[in-house]
Amino acid sequence: MGAAAAPDGLTVLRSPVSVKETIDRFEAAAKSRGLNIFLRLDHAAGAAAVGKTLRPTELLVFGNAQGGTPLMECAQSAGIDLPLKALAWQDAGGQVWLGYNDPKYVASRHGAGDCGAVVENMSKALASMAGESVRE
């Protein structure tokens, strides 16, 4: 499992399976941890609906108040970055990637440096779910 160069604050992992399978796995991992799935969005289907072409790209929006509220208690503006999201996409070379916002970056962005344990727990959970999603 390799990582790609990513924009600031985005954790990106190489996936050995399709975009759909990667997001299916992530969704299953989230549900197994009691997280709510709020939205699953197929960006490529949306593009096709307006006559555009986009390589496979799917977004999953997930979370729960028990996990997100403590971060917003530290910095309420963090609500703009919640619920959490995971994006899987296929690059021009056919490689599939999985990305998610690093909770430490989100906390820093919103000045929530005093929210360490909350951020650490979110980071561990996301890393675990992502690992399950991109496993060989």
Side-chain angles (χ1 to χ4, degrees):
M1 160 176 57
D8 286 346
L10 190 66
T11 299
V12 177
L13 303 170
R14 179 186 314 265
S15 178
V17 296
S18 70
V19 166
K20 181 185 180 323
E21 179 67 19
T22 301
I23 291 296
D24 285 348
R25 289 177 176 190
F26 199 101
E27 183 173 352
K31 285 179 177 177
S32 77
R33 289 163 173 80
L35 299 174
N36 301 310
I37 305 303
F38 298 114
L39 173 73
R40 182 165 176 169
L41 178 66
D42 184 336
H43 283 296
V50 296
K52 302 284 185 181
T53 302
L54 185 66
R55 289 183 300 275
T57 308
E58 289 194 34
L59 176 73
L60 188 71
V61 181
F62 61 95
N64 66 31
Q66 186 173 0
T69 301
L71 180 56
M72 289 191 293
E73 288 174 330
C74 292
Q76 200 163 1
S77 63
I80 193 71
D81 291 317
L82 298 172
L84 298 170
K85 295 171 251 347
L87 180 73
W89 69 95
Q90 183 181 50
D91 69 18
Q95 178 59 56
V96 174
W97 301 94
L98 175 68
Y100 61 89
N101 288 323
D102 179 350
K104 293 173 186 168
Y105 180 85
V106 172
S108 174
R109 176 179 181 207
H110 297 281
D114 58 341
C115 214
V118 169
V119 172
E120 190 60 35
N121 289 339
M122 286 178 120
S123 294
K124 286 178 183 176
L126 280 167
S128 177
M129 290 185 291
E132 289 176 31
S133 303
V134 301
R135 187 174 31 222
E136 292 285 338

Participant: Given Leu59, which partner from the list Ile23, Leu41, Asp42 fulfils the side chain to side chain contact (heavy atoms under 4.5 Å, CB included) test?
Facilitator: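 One option only clears the test, and that one is Leu41.
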Participant: So, Thr57 side chain and Arg55 main chain: donor-acceptor pair closer than 3.5 Å or not?
Facilitator: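 Yes, the answer is positive, given that a donor and an acceptor are paired below the 3.5 Å cut-off.
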Participant: Do you know the tightest heavy-atom contact between Phe62 and Ala86?
Facilitator: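 Reported closest heavy-atom pair: CE2-N, 3.7 Å.
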Participant: Taking Glu58 as the fixed residue, which of Arg40, His43, Gln90, Lys20 is the one that meets the side-chain hydrogen bond (donor to acceptor under 3.5 Å, both in side chains) rule?
Facilitator: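 Of all the options given, the one that passes is Arg40.
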Participant: Is there a continuous path of hydrophobic side-chain contacts, each under 4.5 Å between heavy atoms, that joins Leu13 to Met129?
Facilitator: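 Yes.
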Participant: Look up atom CG in Leu35 and atom CG in Leu84, then write down how far apart they are to the nearest 0.5 Å.
Facilitator: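 The distance works out to 8.0 Å.
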Participant: Under a single-linkage definition using a 4.5 Å side-chain heavy-atom cutoff for Ile, Leu, Val, Met, Phe, Trp and Tyr, are Leu98 and Ile37 assigned to the same hydrophobic cluster?
Facilitator: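 Hydrophobic grouping puts Leu98 with Ile37.
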Participant: If you look at every heavy atom in Pro16 and Glu136, which pair is closest and at what distance?
Facilitator: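 Closest heavy-atom pair between Pro16 and Glu136: CB-OE2, 3.5 Å.
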Participant: For Leu39, does the CG atom have more than 12 heavy-atom neighbours from other residues, nucleotides or ligands under 6.0 Å away?
Facilitator: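 Yes - once you tally the heavy atoms of other residues, nucleotides and ligands closer than 6.0 Å, there are more than 12.
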Participant: A quick test of your reading: do over 12 heavy atoms of other residues, nucleotides or ligands sit less than 6.0 Å from NZ of Lys85?
Facilitator: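 Counting neighbours around NZ of Lys85, more than 12 heavy atoms of other residues, nucleotides or ligands fall under 6.0 Å, so yes.
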Participant: Minimum heavy-atom separation for Ser133 and Thr22, please, with both atom names.
Facilitator: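 Of all heavy-atom pairs spanning Ser133 and Thr22, the closest is CB-O, 3.8 Å.
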Participant: Donor-acceptor pair, distance only, cut-off 3.5 Å: does the side chain of Glu120 make one with the backbone of Cys115?
Facilitator: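 No, because the side chain of Glu120 does not come within donor-acceptor range (under 3.5 Å) of the backbone of Cys115.
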Participant: Verify, without hydrogens or angle tests, whether Ser108 (side chain) and Lys104 (backbone) share a donor-acceptor contact under 3.5 angstrom.
Facilitator: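 Looks like no, no N/O pair under 3.5 Å.
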Participant: Count the heavy atoms of every other residue, nucleotide or ligand shown that sit under 6.0 Å from CD of Glu21, and state whether that count exceeds 12.
Facilitator: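 Yes, the 6.0 Å shell around CD holds more than 12 heavy atoms from other groups.
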Participant: Taking the ring centre of each residue, are Phe26 and Tyr100 less than 6.0 Å apart?
Facilitator: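 When the ring centroids of Phe26 and Tyr100 are compared, they turn out to be at least 6.0 Å apart.
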Participant: Could you tell me if Arg33 and Ser128 have a donor-acceptor pair between their side chains, going purely by distance under 3.5 Å?
Facilitator: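 There is such a pair between these side chains.
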Participant: Checking Asn64 side chain against Gln66 main chain: does a donor-acceptor pair fall under 3.5 Å?
Facilitator: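 Pair found, side chain donor or acceptor close to backbone of Gln66.
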Participant: Might you point out which heavy atoms bring His110 and Ile80 nearest each other, and give the distance in Å?
Facilitator: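 The pair with the smallest heavy-atom distance is CE1-CG2, 3.5 Å.
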